[in-house]
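In what follows, chains are A, B, ... by sequence order, proteins preceding strands, each numbered from 1.
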Number of protein chains: 2
Amino acid sequence: MSPARARTSHQAIIAEARGLLEEGGLDAVTMQAVAGRVGVRAPSLYKRFAGRSALIGAIAQDVVVELDASIAPATRTADPAEAVQIAANQYRAFAHRSPGAYQLLFSRLLPDARPTAESNAAGAAGVLLIAERLVGAEHALEAARLFTAFVHGFVSMELAGAFRLGGDVDAAFSYSLDTIVAGAVPQRSIG
Amino acid sequence: MSPARARTSHQAIIAEARGLLEEGGLDAVTMQAVAGRVGVRAPSLYKRFAGRSALIGAIAQDVVVELDASIAPATRTADPAEAVQIAANQYRAFAHRSPGAYQLLFSRLLPDARPTAESNAAGAAGVLLIAERLVGAEHALEAARLFTAFVHGFVSMELAGAFRLGGDVDAAFSYSLDTIVAGAVPQRSIG
DNA sequence: ACCTGAACACCGTTCAAGT
DNA sequence: ACCTGAACACCGTTCAAGT
């Protein structure tokens, strides 16, 4: 007679789905596999998520928040050139720590699986702040885009196994950041 | 009594699959949909491709070759700073022209759907050549990685709809290339 | 209030049977 | 030599029925 009590939770489902994502990619995140991990049958998941893509979207939201949080401390470093290094290294470290989650952010997601603009506003604001300190207000947005595009691109290529010509990948990352900072700073005084 | 004659071809299958990829993403590239487009039933596709992932891999191979070809002409521009601009703009134009195909290259692919290292050796060599002309032999590989990572990252973010803060995206691309070139060149004479 | 089995429409893939 | 229908194991999703 007692109505069935909850045997799982929103958070547990997301956590297990994310585990499957890291282990076997998006294809491994099936409703049945997730249900199995949380000790329930697939149809029960629909009590908490509208469908698979909503579940994927919930993961993406969490990931955006974590990624933002991991680069946020860099904002508190006064020297902008140093802040760039810290933010870039933290961003890259997050992607290495959670490659499946990271790649999810830039995969073509279904409409309802898209992280909201607000959810990464904090991260965008932090990068913009550092960029403004580095190059001034006029080119802050452009510099922020340069920085973000480079770091994302580098990490994305690493995770895709695109650096196949040998050499020291860490050194290339470091060289690149130095080069970008060197190119960006003078534009404030010269241009 | 006459044995059944071929009703489609390797190339036709790849072309139609790619059309579906551009229209509806990877999920739309089902064996049944591809078969329907080439006027055949799904099982017939297995006469020419080992499976879906082999078909996806064949698309990826073609795309790598086309992308390489689109940036190759930049190599013939003597001024390296100018060559960087041309290569970057051609790369970006290709991604805008074939966003589905482009994104395929950086998605987590199954083992047999991976473009071979040889297939993009030409493109890598071209970028490396331009980088060497720009910064010298010592840092050529690192500069090539900076360039490639930035351009890929920028384009990837564009296609993912990640630039949501307004502003002029074309201008940010142009600003970024100028900044990278400005930062890279001095390192040859100074460092 | 949550959980379940059964069902449905869809996949990729295999294979014996057709021409 | 290529094509096909039928079959299999697997998806996501719905829903009536259980507690």
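Among residues two or more places apart in sequence or in another chain, the salt bridge (charged side-chain N to carboxylate O under 4.0 Å, His left out) test is passed with B/E66 by B/R18. Take B/H10 and apply the ring pair (Phe, Tyr, Trp, His ring centres under 6.0 Å) test, not counting sequence neighbours, and it matches B/F49. Every side-chain hydrogen bond (donor to acceptor under 3.5 Å, both in side chains) that A/E158 has, sequence neighbours left out, goes to A/R92, A/H96. In terms of the side chain to side chain contact (heavy atoms under 4.5 Å, CB included) criterion, residue partners of B/I71 (sequence neighbours excluded) are, by chain and number, B/Q90, B/Y91, B/V127. Residues meeting the side chain to side chain contact (heavy atoms under 4.5 Å, CB included) test with B/A17, sequence neighbours left out: B/V29, B/V34, B/L55, B/I59.
Per the geometry, CZ belonging to B/F49 stands 13 Å off P belonging to C/dT13, to the nearest Å. Rounded to a whole Å, the CZ atom of A/R52 is 18 Å from the C1' atom of D/dT14. Atom C1' of nucleotide C/dA1 and atom NZ of A/K47 are separated by 7 Å, given to the nearest angstrom. Between the CD1 atom of A/I56 and the P atom of D/dT13 there is a distance of 10 Å, given to the nearest Å. In this entry the distance linking OH of A/Y46 with P of D/dA16 reads 17 Å, nearest Å. Following rounding to the nearest Å, A/M31 (CE) and D/dT14 (C1') show an atom-to-atom distance of 12 Å. Atoms CG (A/D27) and P (D/dC11) sit 11 Å apart, rounded to a whole Å. Computed from coordinates, the B/L45 CG to C/dC11 C1' distance equals 14 Å when rounded to whole Å.
Applying the 4.0 Å criterion to OP1 and OP2 of C/dT4, one finds that A/R7 has a side-chain N or O inside that range. Checking the phosphate oxygens (OP1, OP2) of D/dC11, a side-chain nitrogen or oxygen of A/Q32 falls inside 4.0 Å.
Of the residues in residues 9-21 of chain A, none lies under 4.0 Å from DNA chain C by heavy-atom distance.
Among the nucleotides C/dC3, D/dC3, D/dG12, the one closest to any side-chain atom of A/R48 is C/dC3. Distances from the side chain of B/A6 to the nucleotides D/dC2, D/dG12, C/dC2 place D/dC2 closest.
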query = Tell me, what's DNA chain C's dot-bracket, Watson-Crick or G-U with both distances under 3.5 Å, | for other-strand, [ ] crossing?
reply = ||.|||||...|||||.||
Could you give the side-chain donor-acceptor pairs of residues 142-157 of chain A under 3.5 Å, partners two or more places apart or in another chain?
unit_1: A/E142; atom_1: OE1; unit_2: A/H139; atom_2: ND1; d: 2.7
unit_1: A/R145; atom_1: NH1; unit_2: B/G166; atom_2: O; d: 2.8
unit_1: A/R145; atom_1: NH2; unit_2: B/G166; atom_2: O; d: 2.7
unit_1: A/T148; atom_1: OG1; unit_2: A/A144; atom_2: O; d: 2.7
unit_1: A/H152; atom_1: ND1; unit_2: A/Y102; atom_2: OH; d: 2.6
unit_1: A/H152; atom_1: NE2; unit_2: B/S156; atom_2: OG; d: 2.9
unit_1: A/S156; atom_1: OG; unit_2: B/H152; atom_2: NE2; d: 2.9

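Through ILVMFWY side-chain contacts below 4.5 Å, B/V65 is grouped with nothing and stands alone.
Across all strands, B/S44 comes closer than 4.0 Å to base atoms (heavy-atom distances).
Annotation: the span from A/I86 atom CD1 to A/T77 atom OG1 amounts to 3.5 Å, rounded to 0.5 Å. Once rounded to the nearest 0.5 Å, the distance linking OG of A/S98 with CG of A/L105 reads 10.0 Å. How far CG of B/L26 is from CD1 of B/I56: 5.0 Å, rounded to the nearest 0.5 Å.
The salt bridge (Lys or Arg N to Asp or Glu O under 4.0 Å) pairs that include a residue from residues 120-131 of chain A number zero, where partners must be two or more places apart or lie in different chains. Sequence neighbours left out, the pairs with a member in residues 35-47 of chain A that pass salt bridge (Lys or Arg N to Asp or Glu O under 4.0 Å) are A/E16-A/R37, A/E23-A/R37.
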Between the protein and nucleotides 5-8 of chain D, list every N/O to N/O distance that falls short of 3.5 Å.
unit_1: D/dG5; atom_1: OP2; unit_2: B/R41; atom_2: NE; d: 3.1

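Each of A/V29 and B/T8 was matched to the nucleotide of DNA chain D holding its nearest heavy atom; the match closer to the 5' end belongs to B/T8.
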